[in-house]
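Chain identifiers are assigned alphabetically (A, B, ...) following the order of the sequence lines, protein sequences preceding nucleic acid strands; residue numbering begins at 1 within each chain. Quick caveat: nothing in here was measured; it's all calculated off a predicted structure.
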There are 4 protein chains.
Amino acid sequence: MPVTEMLRTYPADLGDVDREALTRCIEECVQCAQTCTACADACLSEADDQLPMLRKCIRTNEDCADICATTARVLSRHTGYDANITRTLLQACMTVCKSCADECEQHASQHEHCRVCAEACRRCEDACRELLGTLG
Amino acid sequence: MPVTEMLRTYPADLGDVDREALTRCIEECVQCAQTCTACADACLSEADDQLPMLRKCIRTNEDCADICATTARVLSRHTGYDANITRTLLQACMTVCKSCADECEQHASQHEHCRVCAEACRRCEDACRELLGTLG
Amino acid sequence: MPVTEMLRTYPADLGDVDREALTRCIEECVQCAQTCTACADACLSEADDQLPMLRKCIRTNEDCADICATTARVLSRHTGYDANITRTLLQACMTVCKSCADECEQHASQHEHCRVCAEACRRCEDACRELLGTLG
Amino acid sequence: MPVTEMLRTYPADLGDVDREALTRCIEECVQCAQTCTACADACLSEADDQLPMLRKCIRTNEDCADICATTARVLSRHTGYDANITRTLLQACMTVCKSCADECEQHASQHEHCRVCAEACRRCEDACRELLGTLG
């Protein structure tokens, strides 16, 4: 992904942000958003008798996809940086990734897409926590 | 907007949510997202000598549009409700609306679109705070 | 919605766009996006035996919500207008609104949220077609 | 990116879609969306005297980010597939990627982020065209 190249070519001062933590967080958010969109759709195609117990999983996948996508966008902007916005949004992103990972893990042994998705959510949760830690 | 009708026709239990506060918050988020997108673009069309001082306004408008749009989506879902996700996201939405209202207000006397946008952000900030208050 | 006010306060030339058709199209796109998000979630909360036949409805609702939201954003920008982008996107939006209205109508007699949603999609389809007609 | 893994674990029939073309198109859309968001923000941080000539670039970047993100989402869903939606949306995505690549290329020699972004847009335009070709 060109995340690193775009950070490198940003024409103004990036401040004292941890570039590695920022890069990783953007990449994980972008991937988690795509994976959750695909997992919600895969759940929807499971057998009839599986659908009722996948309701909450589909819903949380949708929320996680939306919040991760928005977090990736906000983190991709550096002009007029506002630490309060970044911090509260990362908190929300961490929360939804944890919820979605927990939910997907409950179906992971039966549905492989939920296993893959739980892993993506867990990586994104970690990346948000790490970046949040560097913001002071 | 059909927000009220969609809440009324939701086929399952909505829990003890405050429907009025929820309806208002969804409506304000949706309107604030559209207004911020339009305000960022209006700023971009201001005279050459105005552009440098509108940088932060454009950026915050973009963040506010993204976070409000995502908040409206999450609040429009009721299946498998997770209070932690709603609460942290409302916190982020309130934060970005306050920042965007503060920023737009600084340009309100000179640029009318910033005045309209500041008002939309302030209404959305209030609606988020009110809904957050009802969540206990 | 402040759509009209934001168009009125746009600081540059809007060209010879039909403001009424544009305003209506933005408003319908914004409302259709919210309604489709809510309808997908309402379908997901229907009784167990209803879920299998609502698969396609949920999926089309998700697509329609995404495309309408993006169309509303693109239509809210006027700076550096590119007719080719607007035209092809309106075509995609009209297509997904028609598909979603057709699908929701099949469930309208049984699920009231599908009736409300079909009407929102049909209004949005009309508004896209009308705006497209004015673009020459 | 877990795009391939999510396609592999999809529980129902994917039809006779070209999996390689689909995977590549989703990946390019996701990357192009992130790159365009970052390029719009990088343009916004250029020197005061550069801002006026970057207006159209910022605007087209925003459109391209929105349309690519939506295209990635729609392509990540396979349940209840509707060829008309996919086809018209790919057409819109190809159009905006071409416009954005053309615009960014004009600033590529002066602003490196525009060079990186033009390349991402061109790759995405190609991937959309290729996938569109396989849809028949």
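In this structure, the side chain of Tyr10(C) engages the main chain of Thr79(C) through a donor-acceptor pair within 3.5 Å. Thr60(C) contributes no side-chain N or O that, together with a main-chain N or O of Cys57(C), makes up a donor-acceptor pair within less than 3.5 Å.
Listed options Arg55(D), Met94(D), Arg73(D) were ranked by heavy-atom pairs under 4.5 angstrom with chain C; first place goes to Arg73(D). For the options Lys56(C), Arg87(C), Arg59(C), heavy-atom pairs under 4.5 Å to chain D are most numerous at Arg59(C).
No more than 12 heavy-atom neighbours from other residues, nucleotides or ligands sit within 6.0 angstrom of CG on Asp16(C).
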Walk me through it: do Asp82(D) and Ser99(C) pass the test side chain to side chain donor-acceptor pair (under 3.5 Å)?
CA-CA 8 Å; Asp82(D) 182 329; Ser99(C) 288; 2.8 Å; yes
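Proximity to chain D (any heavy atom under 4.5 Å) is shown, for Glu62(C), by both the backbone and the side chain.
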